[in-house]
Trainee: 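First the structure, which I've put down as structure tokens, then a few questions once you've had a look.
The sequence lines fix the lettering, A, B, ..., with proteins before strands; numbering per chain opens at 1.
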There are 2 protein chains.
Amino acid sequence: MRASFTREDADTRRQALIEATAESLAAAGVAGTSVRAICTRAGVSPGLLRHYFEGIDALIAETYRHVTAMVSQSLALAVDGAGRDPRARLIAHVTASFRPPVSDPALLSTWLAFWSLVKTDPAIAAIHADSYAASRRDLEALLAENGLSAARAIPAAIALTALVDGLWLELTLDATTFTPEEASAMAVRWLDTLLGDPKI
Amino acid sequence: MRASFTREDADTRRQALIEATAESLAAAGVAGTSVRAICTRAGVSPGLLRHYFEGIDALIAETYRHVTAMVSQSLALAVDGAGRDPRARLIAHVTASFRPPVSDPALLSTWLAFWSLVKTDPAIAAIHADSYAASRRDLEALLAENGLSAARAIPAAIALTALVDGLWLELTLDATTFTPEEASAMAVRWLDTLLGDPKI
DNA sequence: TCCCTTGTTATACACGTGTATAGTAACGGG
DNA sequence: CCCGTTACTATACACGTGTATAACAAGGGA
């Protein structure tokens, strides 16, 4: 007997497949993420993947785009919600990195899977370069709002990103060693150092 | 015709297989690292892998152990070579993270592959936990040498590790945005902040 | 020099992979 | 109500995977 099904809107199905891919990458890693694994998770037959995407590689790339957009949007939303004070906006950006939905074990797993692909798959590398450049541009703008010249904002953005990424990684890999509040406090301290005396 | 071969010492062959695995992970990622890929790279027939290891998963785990030991040894060597001055030893530890053989594109690729496995493979997770605990213990000892109490050394180790990891990641992912010297300078500045006024 | 141990190769097998193709049923327009 | 479009399922295929097994030859000890 042929399985019954309902026809869905194209966007709905694409979204479901993208989310199933993210979940699969988080739960089973790159190795365990196959066409059949994704489609089972999405409640759909394997053949449907090729109806909406050029292949599994294209779907994974699309999922990466989706995840980076979500993170960047979360940070932008936090900054916007912080009002007009430049320092408050910068702190909001940093703090949001250590709170859901950005700091989330499943997201970290997915993210690590993508990082491992950056060095291997050129398409993923291109998406990574774009997303990374955009996020650094945003951060440099926030630092400029706080009175840093362009010459100082560039290295400061690198330094701040590095600490935030490192803390995010540690926090999400093992949430028992310290808390989001401690992470925020550390980042703010680093921020004050970078905004202060221009030693670098 | 059967291919000619030479019998090698067990340690030599194991080492060759481990290094081939690391190279394959760096070049082709987790997905491209198969029994045949590893053995071809090691100049050996596929069957030999099972003669020296329980399977490909065990070989990958062994490779992870090998790589983490190499990094930890490199850092320890740098610290030892810095003499007795506590501050110089701490700076040596940090600086070595941004220089070969620790900062090396191939090593980063391998490392990212392992990180993606930490969330998936329990055996890899166990090795990661061990290695991570050991490295933090070392760093806390160096911080204690520099006059930090245990209560302050623990968060300081987390904060310093986070920045060093983040800078190491950025530097090795894309070596054009800043230099190892700049990375070291940033880390030393953070170090001075952490060793100074106990705001955290 | 021969033989015996065993490191090494070669082959086979069952299974999982991504994708191509054909067939079917869901749903909207007439 | 029926009919056409097409989203969707089911099946098939060639290939790559990890591992088990058997055959072989390299190299040392007698």
Trainee: Just checking, is any N or O donor in the side chain of B:T68 or B:S131 under 3.5 Å from an acceptor N or O on the other one?
Mentor: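 Absent: no donor and acceptor within the cut-off.
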Trainee: Between B:T161 (side chain only) and B:A157 (backbone N and O only), is there a donor and an acceptor less than 3.5 Å apart?
Mentor: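 Indeed, once roles are kept as given, a pair shorter than 3.5 Å links the two residues.
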Trainee: What is the 5' to 3' range of DNA chain C, first to last nucleotide, that sits under 4.0 Å from any heavy atom of chain A?
Mentor: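 First and last nucleotides in contact are C:dT17 to C:dC27.
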Trainee: Could you say whether A:R13 or B:E54 is positioned toward the 5' end of DNA chain D, judged by the nucleotide with the nearest heavy atom to each?
Mentor: A:R13
Trainee: Would you classify A:I56 as touching base, sugar-phosphate or nothing, given that sugar-phosphate means primed atoms plus P, OP1 and OP2, and contacts are heavy atoms under 4.0 Å?
Mentor: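 Since only primed, P, OP1 and OP2 atoms lie under 4.0 Å of A:I56, the category is sugar-phosphate.
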Trainee: Between B:H66 and B:E19, do the side chains contain an N or O donor and an N or O acceptor separated by less than 3.5 Å?
Mentor: no
Trainee: Taking only N and O in the side chain of B:R2, is any of them less than 4.0 Å away from OP1 or OP2 of D:dA26?
Mentor: no
Trainee: Reading DNA chain C from 5' onward, which residue's closest nucleotide shows up sooner: A:R36 or B:A3?
Mentor: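 The residue whose closest nucleotide sits nearer the 5' end is B:A3.
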Trainee: Starting from C1' on D:dA20, measure out to CG on B:L49 and report it in whole angstrom.
Mentor: 14 Å
Trainee: Would you confirm whether B:R152, through its side chain, and B:A144, through its main-chain N or O, come within 3.5 Å as a donor-acceptor pair?
Mentor: no
Trainee: Indicate the ring-plane relationship of B:W111 and B:Y64, choosing parallel, tilted or perpendicular according to the 30° and 60° boundaries.
Mentor: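 The arrangement is perpendicular - the two ring planes meet at more than 60°.
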Trainee: Looking only at side-chain N and O atoms, does A:Y52 come under 4.0 Å of OP1 or OP2 in D:dC8?
Mentor: yes
Trainee: Looking at A:E170 and A:L167, would you say the former's side chain and the latter's main chain have a donor-acceptor pair under 3.5 Å?
Mentor: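 The answer is no, because no donor-acceptor pair under 3.5 Å joins these two groups.
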Trainee: Where each residue is assigned the nucleotide of DNA chain D containing its nearest heavy atom, which of B:R7 and A:H51 is assigned the position nearer the 5′ end?
Mentor: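 This one resolves to A:H51.
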Trainee: Determine the contact category for B:F53: base if any of its heavy atoms lies under 4.0 Å from a base atom, sugar-phosphate if only primed atoms, P, OP1 or OP2 are that close, otherwise nothing.
Mentor: nothing
